[in-house]
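Here is how names work: the chains are called A, B, and so on, in the same order as the sequence lines, proteins then strands, and each is numbered from 1.
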Amino acid sequence: MGDDRKLTPRAEDFSNWYNEVVLRAELAEHSPVRGSMIIRPWGYTLWENMQRALDDKFKATGHQNAYFPLFIPLSFIAREAKHVEGFAKEMALVTHTRLIANPDGEGLIPDPASKLEEPLVVRPTSETIIYDAYSRWVQSYRDLPILLNQWANVVRWEMRTRLFLRTSEFLWQEGHTAHATSEEAERETLTIVGVYRSFMEDWMAMPVITGQKTESERFPGADRTYALEALMQDNKALQAGTSHMLGQNFSRQFDLKFQAESGDWEYAWNTSWGVSTRLVGGLIMTHGDDSGVVMPPKLAPYQVVVTPIWKTEDQKTVVLEKAEFVASTLRGERVRVHVDQRDNMSPGAKFWDWERKGVPLRVEIGPKDVEKQQLVLARRVTAEGQDRKEFLGEVAALAAIPERLLEIQRTLLETARRRQRENTHRVTDYGEFTRMLDERGGFFFAGWCGSAECETRVKEETKATIRVLPDEEFRSETPPERCLVCEGEATHEAVWARAY
RNA sequence: CGGGGCGUAGCGCAGUCCGGUAGCGCACCUGCUUUGGGAGCAGGGGGUCCCCGGUUCGAAUCCGGGCGCCCCGACCA
């Protein structure tokens, strides 16, 4: 592949580019166990920053964190029919609790005597164990609502995996709530969609379309699933988050009842909602370029890296002193800043290194700058017509940096929005749809008659699925009249796309 | 589970067809010179060649069996 310092360009092979970016930016790598990954500090710090922002939003909307166990009795999963059906094919089970030396050879084997009476499932999601607990916590309407979230790992035994996008074990948050009325639960699911959307747009700079999933794409056990869909640079859709109205499906199975004001016993209404480390993949595929990752400033582990440049020992002393001064000044402004003091790397090599890792802003300080009392600012991405580098007096530069970070954040969102807009199409003709889907991909808005047959046919013929039935704000001004597929009367507008 | 590819130094690979002292680049260590966009020179360290078995005087290489990983398809956040 020629120069192995360079990444495969996105246009040449997007999925290779993605893998190389993740590995070379040291975000994550494959672990010895198939389908699971090691999240390295650079990637994990990004995730921690995402967690913090989301967690603050959950708290601000009245939620608390709790922790429920990793192991779930198999019988719990089996209680909700659709839920079992949905997860049965991808469960990891604990069946034994002890190892013994293999009597027939080498190594260790599970001790047959330690076999569990009831196997434990490694949670693929926690509805069952949580609603079981809620059923013990709730007696009266006064105990409602319960608004909890947990940060946890879950396991779904996937066949095909990709770093961050789909791994057998992943990190996520799962919110689980219980309410006295259907209306209140419904409101909760929509509140969360709003929380997710503002996080994705304001923090990740990743625009999304929100809407409702069709029955075939619904969470197993939910009455309704709301989702947020983003469009990646290869014009495939990514389901970035989901929020489920569970109705009374789980409360009936787990006997989650309460006595209402009227004195009647009623089943509670539940919601669940989650986003995962998949968002890291979404961030990479939204903003990354042929040089590597691009981190939105609000989430970047380091927002600024100061690169000192020197020739002589005397210069090194002076330059490093200035670099530390700049860093501590910025830290006072709550800028996350790092001084790259490595002396076994040339400045140029450091530039490439931090660009590959996506640091939004670089400050260069050399002897000339110290002398002229100036700093060089270099941004990771530029808006149209912007210069990549700026030479500013030290005081002006220090004052400008927080602004520059905000500008970069804005530029990223604008660029991503424009790309999403340019790759969103409205179609009425099925032939045109399949042609455009193959030629360029993207989001396709079109009418749908509501039948599973038409939905399935599109999936089989084109591999595209209905990502969402979009919320009102995303819908076309004049609703489509005919179904894209059968040309019958359209009852919905749908967004079709090939998806991750 | 089907199709393809790969397993040799920390990483990326060559060597395998045609058996004969295990190599290259990067990284690492030491020294000197360097440092404003991927530094240079010199010296140095590092290997159960995925595993098990077979053939052979001799196996990274040939034969048999196994394991693992990656990529592409059917399921999924």
Atom [atom1] of [X] to atom [atom2] of [N]: distance rounded to whole Å?
X	N	atom1	atom2	result
Arg379(A)	rG37(B)	CZ	C1'	18 Å
Asp340(A)	rG37(B)	CG	C1'	14 Å
Arg24(A)	rG12(B)	CZ	P	11 Å
Lys6(A)	rG37(B)	NZ	P	14 Å
Asn344(A)	rC26(B)	CG	P	15 Å
Trp310(A)	rG36(B)	CH2	P	11 Å
Met345(A)	rC26(B)	CE	C1'	12 Å
Trp354(A)	rG38(B)	CH2	P	18 Å

Would you mind checking if [Y] and [X] are paired as a salt bridge, meaning a charged N to carboxylate O distance below 4.0 Å?
X	Y	answer
Arg24(A)	Glu20(A)	no
Arg197(A)	Asp202(A)	no
Arg457(A)	Glu460(A)	no

Original post:
Per the atom types in the model, does the base of rG37(B) pair as donor or acceptor with the side chain of Glu355(A) at under 3.5 Å?
Top reply: yes
**OP:** Classify the side chain of Asp353(A) and the base of rG38(B) as holding, or not holding, a donor-acceptor pair under 3.5 Å.
**Re:** no
Output a table of nitrogen or oxygen pairs between the protein and nucleotides 69-76 of chain B separated by less than 3.5 Å.
unit_1, atom_1, unit_2, atom_2, d
rC69(B), OP1, Arg34(A), N, 3.1
rC70(B), OP1, His30(A), ND1, 3.2
rC72(B), OP1, Ser15(A), OG, 3.4
rC72(B), OP2, Arg160(A), NH1, 3.3
rC72(B), OP2, Arg160(A), NH2, 2.5
rC76(B), O2', Glu158(A), OE2, 3.3
rC76(B), O2, Arg166(A), NE, 2.1
rC76(B), O2, Arg166(A), NH2, 3.1
rC76(B), N3, Arg166(A), NE, 3.1
rC76(B), N3, Arg166(A), NH2, 2.6

[atom1]-based separation of [M] from [N] [nearest Å]:
N	M	atom1	value
rG36(B)	rG47(B)	P	36 Å
rC1(B)	rU21(B)	C1'	46 Å
rA22(B)	rC41(B)	C1'	27 Å
rU8(B)	rC69(B)	C1'	15 Å
rC62(B)	rC18(B)	C1'	11 Å
rG7(B)	rG45(B)	C1'	25 Å
rC71(B)	rU30(B)	P	37 Å

Between the protein and nucleotides 31-33 of chain B, list the N/O to N/O atom pairs that are separated by less than 3.5 angstrom.
none

Write out a two-atom table: protein N or O, nucleotide N or O from nucleotides 49-51 of chain B, distance below 3.5 Å.
none

Original post:
Which residue pairs pass the salt bridge (Lys or Arg N to Asp or Glu O under 4.0 Å) test when at least one of the two sits in residues 83-94 of chain A, sequence neighbours left out?
Top reply: none
With both distances under 3.5 angstrom, what nucleotide forms a Watson-Crick or G-U wobble pair with [N]?
N	value
rG68(B)	rC6(B)
rG46(B)	none
rC1(B)	rG73(B)
rC24(B)	rG12(B)

Taking the six-membered ring for Trp, is the centroid-to-centroid distance between [X] and [Y] below 6.0 Å?
X	Y	answer
Phe58(A)	Trp273(A)	yes
His176(A)	Tyr131(A)	yes
Phe219(A)	His83(A)	yes

Please list, chain by chain and in numerical order, all residues satisfying side chain to side chain donor-acceptor pair (under 3.5 Å) with [X], sequence neighbours excluded.
X	result
Tyr196(A)	Gln173(A)
Ser198(A)	Lys57(A)
Gln233(A)	Arg10(A)

**OP:** Only pairs at least two apart or in different chains count here, so list each side-chain hydrogen bond (donor to acceptor under 3.5 Å, both in side chains) that has a residue in residues 351-368 of chain A.
**Re:** Glu26(A)-Lys357(A), Asp340(A)-Trp354(A), Arg342(A)-Asp353(A), Asp353(A)-Arg356(A), Glu355(A)-Arg362(A), Glu355(A)-Arg388(A), Arg362(A)-Glu364(A), Glu364(A)-Lys389(A)
Original post:
Which of parallel (below 30°), tilted (30 to 60°) and perpendicular (above 60°) describes Trp172(A) and Phe170(A)?
Top reply: perpendicular
Original post:
Is the ring centre of Phe351(A) under 5.5 Å from the base ring centre of rG37(B), and are the two planes under 30° apart, so that they stack?
Top reply: no
**OP:** For Ala81(A), check side chain to side chain contact (heavy atoms under 4.5 Å, CB included) against everything at least two apart and list the hits.
**Re:** none
Subject >> Inter- and intrachain pairs under ring pair (Phe, Tyr, Trp, His ring centres under 6.0 Å), touching residues 149-168 of chain A, at least two apart >> reply: Trp47(A)-Trp151(A)
**OP:** Just compare rU35(B), rG36(B), rG37(B) and give me whichever is closest to any side-chain atom of Lys311(A).
**Re:** rU35(B)
With sugar-phosphate meaning primed atoms plus P, OP1 and OP2, does [X] contact a base, only sugar-phosphate, or nothing at under 4.0 Å between heavy atoms?
X	answer
Thr167(A)	base
Gln239(A)	sugar-phosphate
Leu165(A)	base

Between protein and nucleic acid, restricted to nucleotides 2-9 of chain B and to nitrogen or oxygen atoms under 3.5 Å apart, what atom pairs and distances do you find?
none

Original post:
Can you tell me if Arg440(A) and Asn423(A) form a side-chain donor-acceptor pair at under 3.5 Å?
Top reply: yes
Using atom types as modelled, flag every donor-acceptor pair under 3.5 Å from a side chain in residues 120-129 of chain A to any protein atom, sequence neighbours excluded.
unit_1, atom_1, unit_2, atom_2, d
Arg123(A), NE, Asn153(A), O, 2.6
Arg123(A), NH1, Tyr67(A), OH, 3.3
Arg123(A), NH1, Phe68(A), O, 2.8
Arg123(A), NH1, Pro69(A), O, 3.3
Arg123(A), NH2, Tyr67(A), OH, 2.8
Arg123(A), NH2, Asn153(A), O, 3.2
Arg123(A), NH2, Asn153(A), OD1, 2.8
Thr125(A), OG1, Glu127(A), OE1, 2.6
Ser126(A), OG, Gln150(A), NE2, 3.2
Ser126(A), OG, Glu174(A), OE1, 3.4
Ser126(A), OG, Glu174(A), OE2, 2.7
Glu127(A), OE2, Ser272(A), OG, 2.7

